[in-house]
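Beneath this line is the structure, given in structure tokens, with notes to follow.
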Amino acid sequence: MKYLDKINSPADLKQLKTSELPILANELREYIITSVSKTGGHLASNLGVVELTVAMHYSFNTPEDKIIWDVGHQSYVHKMLTGRRNEMSTLRQLKGLSGFPKRAESIYDCFDTGHSSTSVSAAMGMARARDLKNEDYEIVAVIGDGALTGGMAFEALNDAGRSNTKLIIILNDNEMSISKNVGGLSRYLSKVRTDTRYLSTKKDVEKILNNMPFAGGKVKAFLKRAKDAVKQMVVPGMLFEELGLTYMGPIDGHNIESLLEAFKTAKNIEGPLIMHVVTKKGKGYRFAEQRPNEYHGVSAFDIETGKSIKESSVPSYSDIFGKKLCEIAEYNSSVVAITAAMTDGTGLTNFARKFPKRIFDAGIAEQHAVTMAAGLAANGIVPVVALYSSFLQRAYDQVIHDVAIQNLHVVFAVDRAGLVGNDGETHQGVFDESFLMQIPNMTVMSPADYRELESMLEFAVNEFHGPVAIRYPRGTLKEYVGGSYKKIEKGHGVVAEEGSDVTIAACGKMVLTALHVREILKKSGIDAEVVNLRFIKPLDEDLLLKSVRKTKKAVIIDEAVPCGSFAVSVKSALQDDTKVLIKTLPDEFIRHGSVEELLKENKMDPESIADDVIKFLRR
């Protein structure tokens with residue numbers, strides 16, 4: 001490529017003429033499409049910020065100037081411009097580049113991200129640290145219009161507006177379409193209001209008015225009301241202005257010349273500033289432009305057709321959940337669904353089509369979603385809240401304070417429970433089990449296969465009363481476990497396969513792993529009994545004790561962190577003299593890689609577990 005091959009750092013980028021930057025942007029876009037088509041990853045969001053990223057690194061002096069990416073899944077161009085282009089083939093692969101910014105990966109990644117609505121808060125902290133140390137450099141936070149729906153973002157904006165701390169916030173708006181007339185007028189007013197001569201004159205006038213006896217305050221108040229009335233009519237950033245931030249925009253996020261001019265102006269503005277940049281998600285790749293939601297996160301795909309190379313006809317757990325919830329909603333009119341900007345991801349697309357008035361998308365606002373569910377439940381509706389495990393963490397207080405204390409009938413569909421793989425530490429669903437188990441009134445289930453998921457959903461919605469969570473993994477299932485057809489009863493598990501030498505207790509997808517372990521142990525003459533607990537809380541102690549009385553030994557498999565896991569609960573339920581082997585994930589954050597690789601690396605695959613069981617039995 002003409003320019004990209006020469007760029008190994010922002011210093012190299014700055015050697016280019018501004019007229020050459022659009023050509024570089026096209027080369028970057030082509031490279032991203034080619035690279036992600038092989039590794040998978042977040043495509044549409046990265047294609048939308050190519051020019052914006054180029055303009056930022058051209059305008060700012062990174063790594064001294066700090067750029068904080070909200071969520072961070074749109075940081076691929078940033079990685080390529082900061083010396084990691086040749087490693088893009090390892091993106092999201094085991095021991096390769098992370099799909100998100102990582103401080104341990106590069107000095108240009110100044111803050112680890114992965115969840116939304118965090119950038120402005122982090123940027124405020126970094127800006128205040130800069131000021132306390134009397135340092136002089138720019139802090140830039142990039143936040144999308146989706147992330148802006150998160151309550152934490154508004155808390156940070158409110159704080160920033162009253163702080164007078166120098167900070168540049170870039171609002172990457174990839175949804176809003178702008179009329180030329182309104183957009184042109186807004187840009188003109190933004191330019192006038194951020195002109196240094198205007199700002200200087202404004203301060204002089206305010207100083208004179210403040211020094212006028214008696215009438216000064218009244219005149220100033222009148223002028224402010226008149227100014228605000230005009231701004232309300234013509235300036236789209238009035239909300240931000242009222243919060244105390246200077247507003248610039250909207251600016252064409254694909255026009256590098258406009259962006260460079262805007263950044264030049266922004267550097268001369270005192271206090272917090274928000275720059276409204278409009279981009280097109282998926283820009284430059286027609287399939288991603290036409291269907292940006294589908295191309296948000298993709299597996300390896302064919303560039304010519306846009307189709308996934310590994311597309312599977314087997315439904316996922318999310319698909320099964322969505323289909324079953326639709327069936328239940330057909331005859332139970334009290335059922336509603338709640339999602340936090342993840343209708344497609346949680347399998348609720350068909351539910352939204354069939355019952356448009358009975359699904360509520362809270363935006364990226366899990367706290368609001370859970371408390372809204374509590375309000376619905378308190379008024380006789382049965383809400384099913386579908387959230388990824390890693391995002392449920394963000395609403396822990398609401399689960400306790402608004403749902404569990406009142407013992408309200410809210411059903412939590414906890415998707416992506418357990419290891420999720422390539423998105424890494426911020427997305428692994430390995431904590432929900434531990435933090436949900438601690439909450440009084442909470443019941444927690446985990447299905448071993450699709451049939452159990454369907455049965456558990458029916459049980460949770462139609463037969464249960466109180467807070468209940470069903471946690472299930474990402475991906476598809478090709479095998480079913482024994483006993484999964486038996487009726488779900490609260491606190492009761494089932495024996496999946498009988499045996500006499502050792503009891504292997506598991507829940508959720510680890511039941512299938514336990515069955516594979518059993519087959520491996522058979523080759524060594526070991527007859528293992530596999531217990532499918534079904535309920536993480538309450539635990540079926542009677543079933544466990546009955547099995548262990550027969551085998552005298554127990555192995556507990558749990559795809560979660562050890563602290564607070566159900567594995568600990570199982571061990572405490574057994575007699576003190578029972579020999580027990582616990583197999584859990586380590587007490588650390590699990591990095592990115594495929595689920596299979598991560599299980600093997602942490603000795604949680606069937607072969608590794610079987611080896612450990614044999615050693616355990618020999619001891």
Side-chain angles (χ1 to χ4, degrees), residues 314-321 323-324 347 389 411-420 429-430 432-433 436-437 443-460 464 468-499 502-521 528-541 543-544 546-547 554-560 565-567 569-570 583-585 595-596 599 604-606 609-610:
V314 180
S316 67
Y317 272 92
S318 303
D319 295 332
I320 297 297
F321 159 74
K323 182 181 178 183
K324 188 61 182 180
S389 167
V411 179
F412 293 96
V414 187
D415 202 334
R416 269 66 167 178
L419 295 174
V420 298
V430 296
D432 66 275
E433 176 186 302
L436 288 175
M437 282 179 61
T443 293
V444 186
M445 298 182 280
S446 193
D449 59 23
Y450 290 164
R451 290 180 297 197
E452 283 200 343
L453 174 57
E454 292 175 327
S455 299
M456 286 179 178
L457 191 57
E458 281 189 340
F459 170 80
F464 194 78
V468 56
I470 308 170
R471 59 187 310 271
Y472 46 93
R474 179 183 189 178
T476 60
L477 177 76
K478 295 181 181 178
E479 299 178 66
Y480 288 84
V481 306
S484 64
Y485 61 91
K486 293 181 180 177
K487 181 178 172 59
I488 302 294
E489 297 180 48
K490 183 178 178 180
H492 288 280
V494 292
V495 174
E497 289 289 347
E498 293 189 359
V502 61
T503 297
I504 304 178
C507 208
K509 83 171 192 181
M510 286 292 106
V511 174
L512 192 57
T513 296
L515 290 169
H516 289 168
V517 171
R518 181 179 190 274
E519 293 304 309
I520 296 171
L521 294 177
E529 178 158 293
V530 176
V531 176
N532 172 11
L533 291 170
R534 286 186 167 178
F535 283 81
I536 293 170
K537 180 187 178 183
L539 196 63
D540 192 342
E541 295 185 9
L543 181 67
L544 270 171
K546 181 180 178 182
S547 177
V555 176
I556 308 157
I557 307 174
D558 191 5
E559 190 186 9
S565 65
F566 87 79
S569 299
V570 171
K583 292 291 297 181
T584 66
L585 294 169
V595 172
E596 291 73 21
L599 287 171
M604 289 289 288
D605 60 299
I609 293 173

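Quantities reported herein were computed from a predicted structural model and do not represent experimental measurements. No hydrogens, no waters, no symmetry mates; every other heavy atom, side chains included, goes into these values. Residue numbers count from 1 along this sequence.
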May I ask you to test the [X]-[Y] pair for a side-chain heavy-atom distance under 4.5 Å?
{"X": "V414", "Y": "E433", "result": "no"}
{"X": "V530", "Y": "V481", "result": "no"}
{"X": "I470", "Y": "P447", "result": "yes"}
{"X": "I609", "Y": "I520", "result": "no"}
{"X": "H492", "Y": "K487", "result": "no"}
{"X": "V468", "Y": "F412", "result": "no"}
{"X": "M604", "Y": "L419", "result": "no"}
{"X": "E479", "Y": "D449", "result": "no"}

Could you tell me whether K537 atom NZ has more than 12 heavy atoms of other residues or ligands within 6.0 Å of it?
-> yes
Residue E519 excluded, over 12 heavy atoms near CD under 6.0 Å = yes
For a quick test of reading the model, state the closest non-hydrogen atom pair linking [X] to [Y] and the distance between them.
{"X": "R471", "Y": "A417", "value": "NH2-CB, 3.6 Å"}
{"X": "C507", "Y": "I536", "value": "SG-CG1, 3.8 Å"}
{"X": "D415", "Y": "S318", "value": "OD2-OG, 2.6 Å"}
{"X": "Y450", "Y": "L477", "value": "OH-N, 2.8 Å"}
{"X": "V511", "Y": "A448", "value": "CB-CB, 3.8 Å"}
{"X": "E559", "Y": "L599", "value": "OE2-CD2, 4.0 Å"}

Checking I488, D540, L539 against R534 for side chain to side chain contact (heavy atoms under 4.5 Å, CB included), the one that qualifies is I488
Gap separating the [atom1] atom of [X] from the [atom2] atom of [Y], nearest 0.5 angstrom:
{"X": "E497", "Y": "N532", "atom1": "CD", "atom2": "CG", "value": "11.5 Å"}
{"X": "D558", "Y": "S446", "atom1": "CG", "atom2": "OG", "value": "9.0 Å"}
{"X": "E452", "Y": "K486", "atom1": "CD", "atom2": "NZ", "value": "11.0 Å"}
{"X": "M445", "Y": "F464", "atom1": "CE", "atom2": "CZ", "value": "7.5 Å"}
{"X": "I556", "Y": "T503", "atom1": "CD1", "atom2": "OG1", "value": "10.0 Å"}
{"X": "S389", "Y": "R416", "atom1": "OG", "atom2": "CZ", "value": "11.0 Å"}

Closer than 3.5 angstrom, by distance alone: can the side chain of [X] be matched with the main-chain N or O of [Y] as a donor-acceptor pair?
{"X": "R518", "Y": "A528", "answer": "yes"}
{"X": "R474", "Y": "V420", "answer": "yes"}
{"X": "Y317", "Y": "L453", "answer": "no"}

Just do the side-chain contact (heavy atoms from CB on, under 4.5 Å) check on L533 and F566 with the steps written out, would you?
-> CA-CA 10 Å; L533 291 170; F566 87 79; 3.4 Å; yes
Working for side-chain contact (heavy atoms from CB on, under 4.5 Å), residues E454 and I320 = CA-CA 7 Å; E454 292 175 327; I320 297 297; 3.8 Å; yes
Given the rule in the side-chain contact (heavy atoms from CB on, under 4.5 Å) test, do I504 and L521 qualify, once you have shown the distances and angles that lead to the verdict?
-> CA-CA 11 Å; I504 304 178; L521 294 177; 4.1 Å; yes
